[in-house]
Amino acid sequence: SSFFPTLRSCSIIKTRSDYVVDLNATNFDSVLKETPATYVIVEFFAHWCPACRNYKPQYEKVAKLFNGANAVHPGIILMTRVDCANKINRKLCVKFHILHYPILLWGAPSKFVGGHWNGKKEKSEIISIEDGKTAQRLLKWINTRLTSSYDLEDEKFENDECLQSNVSDPGQISRAIYDVEEATNVAFDIILEHEMINSDTRATFIKFMQIMVAHNPSRRCRKGSADILVNFDNIYPSNILSENIDEQTNINGLDAALHTFQICGKQVPRGEDTRGFSCGLWVLLHSVSVRVDDKGSHLAFTTTCDFIHKFFICEECSQHFYDMCSSVVAPFNTTRDFVLWLWATHNNVNEKLMKTESSLRTGDPKFPKIIWPPEQLCPSCYAVGSQTKNNVINWDHNEVFKFLVSYYGPMLVSRYKDIDSVIMDTKSGSEDLLSSRNAVTVPVGAAMVIAVASCLFGAVAYAWRSQQKNRKYFLQTLLFYIMLRWEDCI
Ligand SMILES: Cc1cc2nc3c(=O)[nH]c(=O)nc-3n(C[C@H](O)[C@H](O)[C@H](O)COP(=O)(O)OP(=O)(O)OC[C@H]3O[C@@H](n4cnc5c(N)ncnc54)[C@H](O)[C@@H]3O)c2cc1C
């Protein structure tokens, strides 16, 4: 049980007092109407977005010059932010055409009141700040715009509380399936809220959902994903994908879809009990990687890459991940190759973030980024000659693979059972794992079999309906249908 320490949320990090003004759908217009400032900057962000979290101190540094009681240049620029991951701000963010995070918009406050932004630069009174990635660059952009010469005055961002880190803390550990369920749920929510399914992304979405039906370690998410696949044509009839449809109709259609489907059941999200979206997403991806079979490993890899590229709206993360995907030249032939690639890729990101977090001091001291797994967790992963202090690690890849398969396989599922046996399914963890192993992806017709427990009649009827709508899946449907054990149906 020491593997699973107390709960924490990876999105909660101690920071200094805020200078940035938080806006939301209810105060947005009134604050901007009343501000005496000549200009406003609105940062549209999502609290789960790691790049936004790392950007926060940069933005705060500039805000300190202009906002608050001790501002050096008060009344010129009001620096604000809107959390688009907060449901109440959804329509506001749609109005401003927010397609990735973070986005900084600039203009006179009155132009934002009751306003829109169409994402285009020409002739707009609201403009996007393209180069504000650091405090210096943001201030340089402002200075160019206003022909001013504001300076950060060499202020240092200090946060001594965040300095201490216990690198030996083995708490960098998956918080079991709650995280996976939340990540699955949040990913789905984001896709719908941001209207991300279109003719370019549709195939990736379907493939990812097929993988979810086959390999999500949570039985509830598998069922929910199956339900969505089965009803996909109803959620996204072709007119919703049409570009000509007016915005309001589009939003209404998605609202209806949002209320109909709960991809991982009613108790998700649980809020406080989970570690945050991006952690959960990693855990989900690792869990999938150990569950696909050799034949399915390459398809799972390409689907994962496409999914992150198209649907993970932390722009920096998705681009970095996609670059690493693109560097893979030969197709994966084995589960082992895919599992180890994902593990190494995650460690690449960890290594990059170790540097960023230590220079910006934005790390969570209780859960510092480390090269994973630490030796305490998997001594046999460290071959002779490793010098952990100097980060020279001689990995024993066979041992790493064994460890990952066990950790993201039975260990994760059994932990799930321990945590909450009341709301979970009654089938055992290992059975759950087995039942999610065989197929590469699940065709729509088979998804239906999992989703609807009405078995034979319903399955045949649906397979027939699928054939009418989408011939591509029909053969797969029949094959998978034969493979399915009858007990999965009841
Ligand atoms: C696909 C993807 C790409 C990302 N790219 C970026 C980026 O470019 N820049 C950025 O700022 N943030 C990025 N992030 C977010 C970042 O990686 C973390 O998710 C976030 O900072 C929260 O970190 P965490 O400490 O909670 O643990 P996370 O790194 O989220 O890890 C979750 C859990 O996975 C386990 N784990 C850790 N390392 C490994 C490993 N190598 N193999 C297997 N399991 C492991 C541990 O148990 C850990 O607690 C990305 C996230 C995802 C899902």
Side-chain angles (χ1 to χ4, degrees), residues 3-5 7-13 46-56 101-102 133 165 167 169-176 178-180 182-184 186-187 190 208 274-290 301 303-325 338-360 362-374 376-378 381 393 395 397 400-401 403-409 411-412 415:
F3 281 179
F4 296 93
L7 302 182
R8 67 128 182 165
S9 161
C10 61
S11 55
I12 295 170
I13 290 186
H47 60 260
W48 54 258
C49 161
C52 305
R53 209 170 64 196
N54 285 332
Y55 182 59
K56 189 176 178 204
Y101 306 125
K133 282 198 170 165
S165 67
V167 182
D169 189 346
Q172 284 268 9
I173 207 89
S174 72
R175 189 34 212 130
Y178 282 5
D179 289 314
V180 170
E182 176 138 312
T184 311
V186 171
I190 289 173
F208 193 75
T274 48
R275 294 181 46 197
F277 176 43
S278 57
C279 321
L281 192 55
W282 274 124
V283 177
L284 170 64
L285 299 182
H286 291 298
S287 305
V288 166
S289 76
V290 301
F301 159 72
T303 304
T304 301
C305 290
D306 288 345
F307 182 81
I308 294 295
H309 190 47
K310 292 182 174 154
F311 294 115
F312 190 34
I313 52 177
C314 166
E315 206 183 10
E316 177 192 322
C317 313
S318 116
Q319 194 51 52
H320 182 224
F321 190 80
Y322 199 69
D323 290 345
M324 292 187 282
C325 289
F338 178 39
V339 166
L340 289 177
W341 176 83
L342 192 65
W343 158 77
T345 299
H346 192 168
N347 268 340
N348 248 320
V349 175
N350 292 342
E351 196 170 3
K352 180 177 96 146
L353 293 186
M354 273 156 75
K355 290 176 192 149
T356 312
E357 291 185 353
S358 95
S359 70
L360 296 176
T362 48
D364 182 341
K366 279 204 265 161
F367 293 88
K369 291 282 176 303
I370 52 169
I371 299 301
W372 198 91
Q376 302 94 306
L377 208 53
C378 180
C381 293
I393 304 168
W395 294 108
H397 288 106
V400 173
F401 176 59
F403 169 78
L404 291 168
V405 166
S406 148
Y407 183 80
Y408 284 108
M411 204 186 282
L412 193 82
R415 181 66 189 161

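For ligands, and for the atoms within them, numbers begin at 1 and follow the listed sequence. Note that the numbering runs from 1 along the sequence shown for the chain.
Looking at V349 against ligand 1, only its side chain comes within 4.0 Å, counting heavy atoms. Contact annotation: for N350 versus ligand 1, heavy atoms closer than 4.0 Å belong to the side chain alone. Looking at I371 against ligand 1, nothing comes within 4.0 Å, counting heavy atoms.
Here the shortest heavy-atom pairing between L353 and N54 reads CD2-ND2, 4.1 Å. For the pair T184 and L284, the tightest heavy-atom approach, listed with the atom from each and the gap, is OG1-CD2, 3.9 Å.
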Stepwise side chain to side chain donor-acceptor pair (under 3.5 Å) check, Q319 with D323: CA-CA 6 Å; Q319 194 51 52; D323 290 345; 3.1 Å; yes

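Remark: among candidates Y55, W343, F307, the nearest residue to atom 41 (N) of ligand 1 is W343, based on non-hydrogen atoms. For atom 12 (N) of ligand 1, the nearest non-hydrogen atom from the set P373, P50, A344 belongs to P50. The closest non-hydrogen atom to atom 26 (O) of ligand 1, taken over C317, C325, C279, comes from C279. For the residues W48, F321, W282, the heavy atom positioned nearest atom 50 (C) of ligand 1 is part of W282.
Below 4.0 Å from some heavy atom of R53 lie the following atoms of ligand 1, by number and element: 21 (O). Counting the atoms of ligand 1 from 1 in the order shown, those under 4.0 Å from a heavy atom of Y407 are 47 (O). Listed by number with element, the atoms of ligand 1 under 4.0 angstrom from any heavy atom of Y408 are 34 (O), 35 (C), 36 (N), 43 (C), 44 (N), 45 (C). Within ligand 1, the atoms closer than 4.0 Å to a non-hydrogen atom of N54 are 11 (O), numbered from 1 in the order shown. Under a 4.0 Å criterion applied to the non-hydrogen atoms of H320, ligand 1 contributes the atoms 8 (O). The atoms of ligand 1 that sit less than 4.0 Å from any heavy atom of K369 are 21 (O), 22 (C), 23 (O), 24 (P), 25 (O).
A 4.5 Å side-chain heavy-atom check between T304 and F321 finds at least one atom pair inside the cut-off.
Using a 30° and 60° split on the angle between ring planes, F338 and W341 fall in the parallel class, below 30°.
Comment: E316 does not engage K133 in a salt bridge, judged by the lack of any side-chain N to carboxylate O separation of less than 4.0 angstrom.
Each of N348, L342, I308 was compared with M324 under the side-chain contact (heavy atoms from CB on, under 4.5 Å) criterion, and only N348 meets it. Here the rule is ring pair (Phe, Tyr, Trp, His ring centres under 6.0 Å) with F312, and of F277, Y322, W282, Y101 only F277 fits it.
W343 places a side-chain N or O within donor-acceptor distance of the main-chain N or O of W372, the cut-off being under 3.5 Å.
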